[in-house]
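See structure below.
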Amino acid sequence: MDSEIVKQQKAQVGREAVNYIHDGMVIGIGSGSTMWYLVEELGKRVKAGLNIIGVPTSNFTKKHAEKLGIPIKDIDDVDHIDLTIDGADQIDANYQGIKGGGASHLMEKIVATNSTKNMWIVDETKMVPTLNYPVPLEVIPYGSKQLEKKLKKMGLNPRLRYKDNGEFVRTDSNNYIIDLYLPHINNPTKLAEQLDTMVGIVEHGLFLDIVNTIIVQHPDGPQIIEAR
């Protein structure tokens with residue numbers, strides 16, 4: 001569970017990021033606990049007259065945005081996305097990230113890679129020298145146990161993700177999640193290349209060379225990082 005300080009930082013950075021959304025923009029709307037606050041604030045701005053179109057990265061985000069009156073379109077129904085704003089589970093010193101703790105990284109990456117600019121908004125706990133957060137893999141259910149065995153032989157410490165009731169976690173695309181528990185990821189590019197070649201993996205949660213701007217919320221205010 002997040003501490004009260006972390007919750008406050010998430011709320012603050014979510015509200016800060018809305019200032020980057022302007023009239024007439026097509027916005028990719030990410031998923032996760034920090035993005036919840038952004039969607040809430042964005043709903044208020046839309047109600048006050050802000051004219052935007054949102055492209056959601058999960059069914060949960062879509063329902064949340066629609067409930068607040070934010071105009072929503074599917075990614076295949078827009079000709080471009082000006083800016084995608086999303087959270088991140090972890091960001092390293094080279095501004096490479098891991099996403100997918102909420103099992104939405106496939107849709108998040110599809111939206112991100114079809115966007116002109118990408119922004120991540122995080123509380124300060126998400127910034128680390130070296131990535132060590134579990135790397136999520138969205139995988140096809142058929143053969144998932146065999147894939148888990150192969151990943152284990154590679155020394156990647158895989159674990160299929162289960163709900164508390166013992167059922168498999170299912171993504172919005174009805175796939176499974178395998179998490180890789182690694183003590184540190186010194187070369188995320190090499191790991192990504194390995195995972196990209198494996199049959200059965202739909203998408204991994206390593207988001208490399210994608211983010212342009214990062215807003216990190218500290219107790220004394222937001223820090224703006226221009227990553228690339």
Atom [atom1] of [X] and atom [atom2] of [Y]: how far apart are they, to the nearest 0.5 Å?
X	Y	atom1	atom2	value
Arg161	Glu167	CZ	CD	15.5 Å
Ile177	Leu160	CD1	CG	9.5 Å
Ile85	Thr34	CD1	OG1	12.5 Å

Check ion pair [X]-[Y] (N to O, under 4.0 angstrom):
X	Y	result
Glu66	Lys63	no
Asp179	Arg159	no
Asp86	Lys99	yes
Lys152	Glu148	no

Atom CD1 of Ile224: over 12 foreign heavy atoms under 6.0 Å: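 It does: Ile224 CD1 has more than 12 such atoms within range.
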Within 6.0 Å of CG in Asp164, more than 12 heavy atoms from elsewhere: no
Side-chain donor/acceptor of Asn94 to backbone N/O of Gln96, under 3.5 Å: no
Between Lys117 and Thr84, a side-chain donor and acceptor under 3.5 Å: no
Pair Asn212-Glu226, side-chain donor/acceptor within less than 3.5 Å: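 Short answer, no.
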Charged tip of Lys109 within 45° of Phe207 ring normal and under 6.0 Å: yes
Cation-pi, Tyr95 ring and Arg228 (6.0 angstrom, 45 degrees):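 Here Arg228 fails the 6.0 Å and 45° test against Tyr95.
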Atom of Gly87, atom of Trp120 and distance for their closest heavy-atom approach: O-CD1, 4.0 Å
